Amino acid sequence: GAVVSQHPSWVICKSGTSVKIECRSLDFQATTMFWYRQFPKQSLMLMATSNEGSKATYEQGVEKDKFLINHASLTLSTLTVTSAHPEDSSFYICSARDPGTSQETQYFGPGTRLLVL
Amino acid sequence: SQKIEQNSEALNIQEGKTATLTCNYTNYSPAYLQWYRQDPGRGPVFLLLIRENEKEKRKERLKVTFDTTLKQSLFHITASQPADSATYLCALPTSGTYKYIFGTGTRLKVLA
């Protein structure tokens with residue numbers, strides 16, 4: 001089945017620093033990837049849609065200058081949290097569609113736990 | 001606005017029994033609905049997709065129903081096992097896109 005990986009699995013950083021999270025589709029090409037954020041005991045909230053070769057589209061209320069997304073290739077999307085602050089501490093999860101198997105199903109990465117001190 | 005409701009309270013059931021989880025939605029007419037499993041500290045894992053013209057879908061011990069009149073989906077796990085303990089999320093696509101809205105999930109605990 002389709003596999004999506006994320007790196008790192010967890011990161012602790014100081015307030016004001018930037019953190020990059022990678023999302024890779026391991027055995028399929030993903031023209032579209034999605035980035036979610038999940039706070040404890042809450043639902044996944046879509047942050048942005050990452051499109052290979054074009055700009056990401058952000059959901060309402062998500063600062064595009066703070067959460068930089070780069071979809072450099074058909075298998076890699078990166079999310080950079082710039083000038084991170086404690087309120088950015090959360091669980092970040094990416095997902096990707098594999099049009100070769102299913103248009104609708106999203107395959108999720110294992111998530112990245114970010115803690116900003 | 002589109003809204004999805006899942007019972008946020010944890011559901012505890014005895015091993016071997018059938019677990020039934022509910023997903024209700026409003027202001028919405030999705031063409032399909034999906035169920036995912038999420039373990040603590042992990043990303044969701046896709047389980048089942050059911051389309052609006054399907055009343056029921058099965059996969060091994062899992063069964064999903066989709067009632068577009070009631071705007072409700074039921075997710076059943078038969079012969080439940082402790083390994084089924086997890087949070088189960090329902091997700092619906094926003095109209096005309098592959099973007100999804102997720103429910104808050106229901107935490108299931110199967111007691112041995």
Side-chain angles (χ1 to χ4, degrees), chain A residues 1-11 21 23-26 30-51 56-62 90-99 101-115, chain B residues 1-11 21 23-25 30-54 57 59 62 64 66 73 86-109:
Chain A
V3 178
V4 175
S5 70
Q6 275 184 248
H7 178 79
S9 56
W10 61 269
V11 58
I21 302 170
C23 177
R24 292 181 186 273
S25 56
L26 296 186
T31 54
T32 304
M33 292 182 173
F34 302 91
W35 286 96
Y36 294 83
R37 182 167 51 181
Q38 187 177 34
F39 292 105
K41 297 189 186 298
Q42 293 189 22
S43 181
L44 280 76
M45 296 300 296
L46 180 65
M47 299 174 66
T49 302
S50 172
N51 304 296
T57 54
Y58 291 81
E59 296 301 301
Q60 193 172 10
V62 177
S90 187
F91 191 49
Y92 292 86
I93 313 173
C94 71
S95 72
R97 288 173 47 230
D98 178 9
T101 57
S102 168
Q103 288 286 352
E104 298 96 353
T105 302
Q106 289 192 20
Y107 298 95
F108 284 84
T112 297
R113 177 83 54 194
L114 170 63
L115 177 61
Chain B
S1 62
Q2 299 161 342
K3 192 176 178 182
I4 302 174
E5 287 185 356
Q6 291 185 257
N7 190 345
S8 59
E9 294 181 12
L11 176 64
L21 286 67
C23 176
N24 295 299
Y25 57 93
Y32 57 91
L33 179 151
Q34 300 186 4
W35 283 89
Y36 288 80
R37 167 181 173 146
Q38 187 176 24
D39 291 286
R42 306 291 294 175
V45 174
F46 170 75
L47 295 175
L48 281 168
L49 179 152
I50 185 166
R51 302 186 187 279
E52 60 181 342
N53 61 348
E54 298 175 313
K57 197 82 168 278
K59 179 183 175 182
L62 308 180
V64 172
F66 193 8
S73 174
T87 295
Y88 292 86
L89 309 167
C90 70
L92 292 91
T94 53
S95 179
T97 75
Y98 290 116
K99 298 194 297 184
Y100 294 89
I101 299 176
F102 282 81
T104 52
T106 298
R107 188 158 51 91
L108 172 68
K109 186 170 183 180

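All heavy atoms count here, side chains included; hydrogens, waters and symmetry mates do not. Here the structure is a predicted model, which means the values were calculated and not measured. Just so we're on the same page: letters track the sequence lines, and every chain starts at 1.
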All heavy atoms of F34(A) vs all of K99(B), minimum pair found to be CE2-CG, 3.9 Å

For S43(A) and G103(B), indicate whether the former's side chain and the latter's backbone hold a donor-acceptor pair under 3.5 Å.
yes

With rounding to the nearest 0.5 Å, note down the distance linking CD1 in I101(B) to CG in L44(A).
12.5 Å

OH-OG1 distance between Y32(B) and T105(A), expressed to the nearest 0.5 angstrom:
8.0 Å

Sort P93(B) into side chain, backbone, both or neither according to what part of it lies under 4.5 angstrom from a heavy atom of chain A.
neither

So which part of Q6(B) gets closer than 4.5 Å to some heavy atom of chain A, the side chain, the backbone, both or neither?
neither

Is the count of non-hydrogen atoms from other residues, nucleotides or ligands lying under 6.0 Å from R107(B) atom CZ greater than 12?
no

Could you tell me whether the side chains of Q34(B) and Q106(A) share a donor-acceptor contact shorter than 3.5 Å?
no

Counting only non-hydrogen atoms closer than 4.5 Å, does L46(A) touch chain B with its backbone (N, CA, C, O), its side chain (CB onward), both, or neither?
side chain

Looking only at heavy atoms and a cut-off of under 4.5 Å, which of Q6(A), M45(A), Q38(A) has the most pairs with chain B?
Q38(A)

As a quick check of understanding, evaluate ring pair (Phe, Tyr, Trp, His ring centres under 6.0 Å) for F102(B) and Y36(A), giving each step before the final call.
CA-CA 11 Å; F102(B) 282 81; Y36(A) 294 83; 5.6 Å; yes

